[in-house]
Amino acid sequence: LMQPEAAKAVEALFAKAERDNINLTGVSGYRSYDYQVDLFSRNIKANPNANQVSARPGESEHQTGLSIDISSPSVGNSLSQSLGDTKEGKWLVQNAPNFGFIIRFPKGKESITGYQYEPWHIRYVGKEAAKEIASRNITLEEYLGQLPINRMNSIYR
């Protein structure tokens with residue numbers, strides 16, 4: 001389950017990947033608050049620093065219906081940083097912005113996002129914003145900090 005505009009965009013992204021002989025797998029889209037409670041509890045028990053890889057309930061972008069985790073058979077359909085080094089991960093970086101998505105937690109930006117590098121986590125922000133964010137190699141936080149309020153509001157429609 002995703003927001004309608006994001007769902008259409010991810011379907012188009014997957015269709016383009018298929019045409020380009022790129023095999024992507026949707027791993028996790030929308031998550032309810034209750035599911036995030038369970039997930040975060042399991043993760044924090046296993047690793048006290050899990051808040052760098054797992055959002056607290058109420059803070060997960062998955063709860064917005066705008067994010068999806070993507071993987072590929074080349075990494076066993078797992079959520080692995082090694083996805084970024086695969087042809088699928090490189091394809092995703094190059095093509096996701098054309099469909100309105102960004103790699104939400106890019107490598108080298110951990111101190112800005114507060115999360116580890118996650119090449120699998122894409123977030124729908126719309127084509128214009130995604131292309132600008134990608135071309136400038138910035139994070140959503142950096143982008144929003146530089147936007148006038150009227151442009152910021154268009155991202156969340």
Side-chain angles (χ1 to χ4, degrees), residues 1-31 36 40 43 49-56 58-72 74-75 77-157:
L1 298 172
M2 294 183 75
Q3 293 291 332
E5 189 173 344
K8 288 177 189 169
V10 82
E11 287 173 2
L13 175 75
F14 272 70
K16 171 70 168 145
E18 188 174 331
R19 287 192 305 273
D20 290 350
N21 293 314
I22 297 294
N23 194 347
L24 299 178
T25 306
V27 176
S28 180
Y30 171 78
R31 295 182 195 152
Q36 194 67 28
F40 186 77
N43 289 340
N49 295 317
N51 61 325
Q52 295 172 357
V53 297
S54 180
R56 287 173 166 59
E59 297 177 7
S60 173
E61 290 191 347
H62 289 277
Q63 288 174 244
T64 67
L66 298 172
S67 291
I68 184 169
D69 292 337
I70 299 205
S71 191
S72 174
S74 66
V75 292
N77 293 317
S78 67
L79 301 180
S80 167
Q81 288 184 348
S82 63
L83 176 68
D85 297 322
T86 66
K87 71 177 182 174
E88 295 86 359
K90 291 174 184 173
W91 183 94
L92 194 58
V93 168
Q94 293 298 311
N95 290 274
N98 297 327
F99 297 88
F101 290 95
I102 58 170
I103 305 298
R104 181 61 181 93
F105 305 114
K107 187 181 264 185
K109 301 285 188 164
E110 296 85 352
S111 65
I112 297 169
T113 66
Y115 288 90
Q116 72 171 11
Y117 168 53
E118 294 187 358
W120 61 82
H121 183 100
I122 62 172
R123 160 78 185 256
Y124 185 78
V125 295
K127 289 180 186 179
E128 180 184 340
K131 289 177 181 180
E132 185 173 340
I133 289 167
S135 72
R136 294 175 55 200
N137 193 30
I138 60 174
T139 64
L140 183 59
E141 288 82 1
E142 291 168 305
Y143 179 74
L144 293 176
Q146 296 175 21
L147 278 181
I149 293 299
N150 62 343
R151 278 191 64 207
M152 251 186 350
N153 290 338
S154 69
I155 292 171
Y156 295 103
R157 283 191 246 165

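Leu13 places a side-chain heavy atom less than 4.5 Å from the side chain of Ile70. Here the side chains of Thr139 and Pro106 are in contact, with some heavy-atom distance below 4.5 Å.
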Between side-chain atoms of residues 89-102 and protein atoms elsewhere (two or more places apart, or another chain), which donor-acceptor pairs fall under 3.5 Å?
{"from": "Trp91", "atom 1": "NE1", "to": "Asp20", "atom 2": "OD2", "distance (Å)": "2.9"}
{"from": "Asn95", "atom 1": "ND2", "to": "Trp91", "atom 2": "O", "distance (Å)": "2.9"}

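Listed by first and then second residue, the salt bridge (charged side-chain N to carboxylate O under 4.0 Å, His left out) pairs that reach into residues 103-112 are Glu61-Arg104, Arg104-Glu141, Lys109-Glu142, sequence neighbours excluded.
To the nearest 0.5 angstrom, Arg19 atom CZ is 13.5 Å from Phe14 atom CZ. With rounding to the nearest 0.5 Å, the separation of CG in Asn23 from OG in Ser71 is 10.0 Å. Rounded to the nearest 0.5 angstrom, Glu118 CD and Ile103 CD1 are separated by 10.5 Å. From Ile68, atom CD1 reaches atom CG of Leu66 across 11.5 Å, with rounding to the nearest 0.5 Å.
Closest heavy-atom contact between Asn21 and Lys87: O-NZ, 4.0 Å. The two atoms that bring Pro119 and Leu83 nearest to each other are O-CD2, 4.0 Å, heavy atoms only. Ala130 and Val125 get closest at one heavy-atom pair: N-CG2, 3.5 Å.
The side chain to side chain donor-acceptor pair (under 3.5 Å) search around Ser82 returns Ser80, not counting sequence neighbours. For Thr25, the side chain to side chain donor-acceptor pair (under 3.5 Å) test picks out Asn77, with sequence neighbours left out. Every ring pair (Phe, Tyr, Trp, His ring centres under 6.0 Å) that His62 has, sequence neighbours left out, goes to His121. A search for side chain to side chain donor-acceptor pair (under 3.5 Å) contacts involving Ser72 returns Ser74, Glu88, not counting sequence neighbours.
Between the side chains of Gln3 and Tyr124, not a single donor N or O lies within less than 3.5 Å of an accepting N or O.
Surrounding CD of Gln81 are more than 12 heavy atoms belonging to other residues, nucleotides or ligands, all under 6.0 Å away.
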